[in-house]
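Below: one structure, written as structure tokens.
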Amino acid sequence: MLTVRDLRVHFPITSGVLFDRQVGAVRAVDGVDLDIADGKTLGLVGESGCGKSTVGKAIIRLVPITSGSVVHDGVELSALKGKELRQARRHVQMIFQDPYASLNPRQNIGSIIAEPIRTHELREGSAVGQRVLELLDAVGLPRGAAGRYPHEFSGGQRQRIGIARALAAEPSLIVADEPVSALDVSIQAQVINLMEDLQQQLGLTFLMISHDLAVVHHIADTVAVMYLGGIVERSAASDLYSEPMHPYTLALLSAVPVPDPVVEDRRRRTVLQGDLPSPANPPSGCRFRTRCPYATELCAAERPVLRELRPGHEVACHYAGELPVS
């Protein structure tokens with residue numbers, strides 16, 4: 001369904017009073033490979049600033065791609081422009097992180113959901129309104145919501161509206177950029193369950209972007225862990241959570257609370273030292289080495305590539321499989 005190869009998104013840093021000249025670049029995404037099978041969910045996880053949201057926006061071409069390939073259902077998205085890009089976007093939709101900022105406060109809900117239908121000419125006349133009502137039913141909102149405005153709804157309800165808007169274009173792939181991070185925990189479960197139900201009913205494919213590994217564990221088939229613009233570990237969700245092989249993945253998992261207080265008190269924790277380095281000036285070699293307790297001179301000299309250590313389990317670490325991280 002989706003194949004991403006060597007994706008790079010660099011934002012230029014300019015200097016000058018009259019004539020701007022480029023003096024550097026923020027390497028938000030710096031060589032990312034992803035594959036998502038039809039009808040499956042890939043979870044893309046990492047801490048804030050690692051570039052995961054930029055990956056999602058680059059796939060749907062909301063930010064310019066510096067280099068690399070993005071192929072969706074046999075179509076190279078990175079090369080499309082104008083009308084061709086608009087037509088391709090019908091099949092790749094996005095659910096945004098902030099349900100308060102992603103809806104136009106001047107449009108009622110019916111108009112918001114109907115806009116993709118009219119833009120892509122999927123229905124005409126009264127059929128547009130009927131389709132809006134069907135989408136409201138699908139996301140669990142009353143049909144009377146069509147005449148109301150975004151400020152009249154709670155955060156969870158607004159995110160359901162965002163999901164309905166994404167479904168309105170009848171896509172095959174949905175990029176969900178931290179769709180529940182702004183919601184209360186009880187509402188998060190409702191929205192995640194809704195997305196799972198819709199995936200089964202409509203055969204959707206999801207790219208789920210999140211910093212919360214507990215959320216991703218619940219919905220993802222495959223998980224890719226991202227750090228400072230690159231993928232450091234990728235495997236089936238069950239393998240990643242049971243046997244993590246990269247020190248960064250272990251640190252992320254150790255931050256997820258366990259609901260058993262006895263287990264929580266006894267389990268080993270990995271606390272990372274220092275802050276995430278700047279993507280404008282990343283460390284040489286392995287980008288995680290400045291915070292890794294196992295870093296050596298080799299890590300400073302050479303950037304590790306993803307290599308398969310077990311069937312379907314890839315790790316970008318020179319010493320993966322030799323460290324006490326599992």
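For reference, positions follow the sequence shown, starting with 1. Computed from a prediction, not measured in an experiment: that's the story for all the values here.
- No single ILVMFWY cluster, assembled from side-chain heavy atoms under 4.5 Å apart, contains both Ile231 and Tyr241.
- Considering every non-hydrogen atom in both Ser235 and Thr222, the closest pair reads O-CG2, 3.2 Å.
- Of the possible polar contacts, none joining the Gln159 side chain to the Tyr100 backbone as a donor-acceptor pair under 3.5 Å is found.
- Annotation: the span from Ile161 atom CD1 to Leu136 atom CG amounts to 8.0 Å, rounded to 0.5 Å.
- One distance of note links CG of Asp197 with CG of Leu204; it measures 11.5 Å at 0.5 Å rounding.
- The two residues Gly156 and Val191 come nearest to each other via the heavy atoms O-CG2, 4.5 Å.
- In this structure, Arg89 contributes its side chain and Arg61 its backbone to a donor-acceptor pair below 3.5 Å.
- Within the 4.5 Å cutoff, no side-chain heavy atoms of Glu314 are placed close to those of Arg307.
- Hydrophobic clustering (ILVMFWY, side-chain heavy atoms < 4.5 Å, transitive): Ile59 and Ile209 are in one cluster.
- When hydrophobic clusters are built by joining Ile, Leu, Val, Met, Phe, Trp and Tyr residues whose side-chain heavy atoms come closer than 4.5 Å, directly or via intermediates, Leu80 is grouped together with Val4.
- Side-chain contact between Ser172 and Met1: present, with at least one pair of heavy atoms (C-beta onward) separated by less than 4.5 Å.
- If you look at His246 and Phe288, their ring centroids are closer than 6.0 Å.
- Under a 4.0 Å N-O distance rule, the pair Arg90/Glu121 does not qualify as a salt bridge.
- Atom OG1 of Thr41 is separated from atom CD1 of Ile219 by 5.0 Å, given to the nearest 0.5 angstrom.
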(request) Step by step, work out the side-chain contact (heavy atoms from CB on, under 4.5 Å) result for Leu198 and Gln201. (result) CA-CA 5 Å; Leu198 291 171; Gln201 295 169 15; 4.1 Å; yes
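- The two atoms that bring Thr205 and Ile36 nearest to each other are CG2-CG2, 3.3 Å, heavy atoms only.
- The shortest distance between side-chain heavy atoms of Tyr149 and Arg106 does not fall below 4.5 Å.
- The shortest distance between side-chain heavy atoms of Lys83 and Gln87 falls below 4.5 Å.
- Leu173 and Met208 sit in two unconnected hydrophobic clusters of ILVMFWY residues. Membership requires side-chain heavy atoms under 4.5 Å apart, directly or through other members.
- In summary, Asp239 and Arg234 do not engage in a salt bridge, as defined by a charged side-chain N under 4.0 Å from a carboxylate O.
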(message) Does His318 form a side-chain contact (heavy atoms from CB on, under 4.5 Å) with Cys299? I'd like the steps, not just the answer.
(response) CA-CA 7 Å; His318 294 302; Cys299 302; 4.2 Å; yes
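- Side chains of Ser284 and Arg289: a donor-acceptor N/O pair is present below 3.5 angstrom, by distance only.
- Of all heavy-atom pairs between Leu7 and Ala58, the closest is CD2-CB, 4.1 Å.
- Using a 4.5 Å heavy-atom cutoff, the side chains of Leu228 and Leu276 are in contact.
- To the nearest 0.5 Å, atom CG of residue Asp212 and atom NE2 of residue His217 are 12.0 Å apart.
- Not a single donor-acceptor pair under 3.5 Å links the side chain of Lys52 to the backbone N or O of Val225.
- Side-chain contact between Asp33 and Asp35 is absent, with no heavy-atom pair separated by less than 4.5 Å.
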(request) Start with the C-alpha distance between Phe153 and Leu103, add both sets of side-chain angles, then the distance that settles side-chain contact (heavy atoms from CB on, under 4.5 Å), and finish with yes or no. (result) CA-CA 11 Å; Phe153 296 89; Leu103 301 177; over 6 Å; no
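- Atom CD of Gln22 has more than 12 neighbouring heavy atoms from other residues, nucleotides or ligands inside a 6.0 Å radius.
- One side chain, Gln97 or Ser181, offers a donor N or O that lies under 3.5 Å from an acceptor on the other.
- The distance from atom NZ of Lys40 to atom CZ of Phe206, rounded to the nearest 0.5 Å, is 13.5 Å.
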(request) For side-chain contact (heavy atoms from CB on, under 4.5 Å), just list the numbers for Leu2 and Val70, CA-CA rounded to whole Å, side-chain angles, deciding distance to a tenth of an Å, and then say yes or no. (result) CA-CA 7 Å; Leu2 180 72; Val70 178; 4.0 Å; yes
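- For residues 182-195, the pairs satisfying side-chain hydrogen bond (donor to acceptor under 3.5 Å, both in side chains) are Asn193-His218, with sequence neighbours left out.
- The backbone N or O of His10 lies less than 3.5 Å from a partner atom in the side chain of Thr66, making a donor-acceptor pair.
- A cation-pi arrangement, defined by a distance under 6.0 Å to the six-membered ring centre and an angle within 45 degrees of its axis, is absent between Arg291 and Tyr248.
- Val9 and Ile13 fall within a single hydrophobic cluster, where Ile, Leu, Val, Met, Phe, Trp and Tyr are joined by side-chain heavy atoms under 4.5 Å apart, directly or via other members.
- By the 4.5 Å heavy-atom criterion applied to side chains, Pro282 and Pro277 are not counted as neighbours.
- Atom CZ of Arg118 sits in a sparse spot, with 12 or fewer heavy atoms from other residues, nucleotides or ligands closer than 6.0 Å.
- To the nearest 0.5 Å, the span separating NE2 on His120 from NE2 on His91 amounts to 8.5 Å.
- Using a 4.0 Å cut-off between a side-chain N of Lys or Arg and a carboxylate O of Asp or Glu, Glu115 and Arg165 do not qualify as a salt bridge.
- Without hydrogens or angle criteria, Arg131 side chain to Ala168 main chain gives no donor-acceptor distance under 3.5 Å.
- The pair Arg287-Asp30 meets the salt-bridge criterion, since a charged nitrogen lies less than 4.0 angstrom from a carboxylate oxygen.
- For the residue pair Val215 and Ser210, the shortest heavy atom distance occurs at CB-OG, 4.5 Å.
- For the pair Asp73 and Val92, the minimum side-chain heavy-atom distance is 4.5 Å or more.
- Judged by distance alone, with hydrogens and angles left aside, the side-chain atoms of Arg160 form no donor-acceptor pair with the main-chain N or O of Leu194 at under 3.5 Å.
- With hydrogens and angles disregarded, a donor-acceptor distance shorter than 3.5 Å links the side chain of Arg158 to the backbone of Pro150.
- Nearest approach of Leu207 to Gly56, heavy atoms of both residues: CD2-CA, 4.5 Å.
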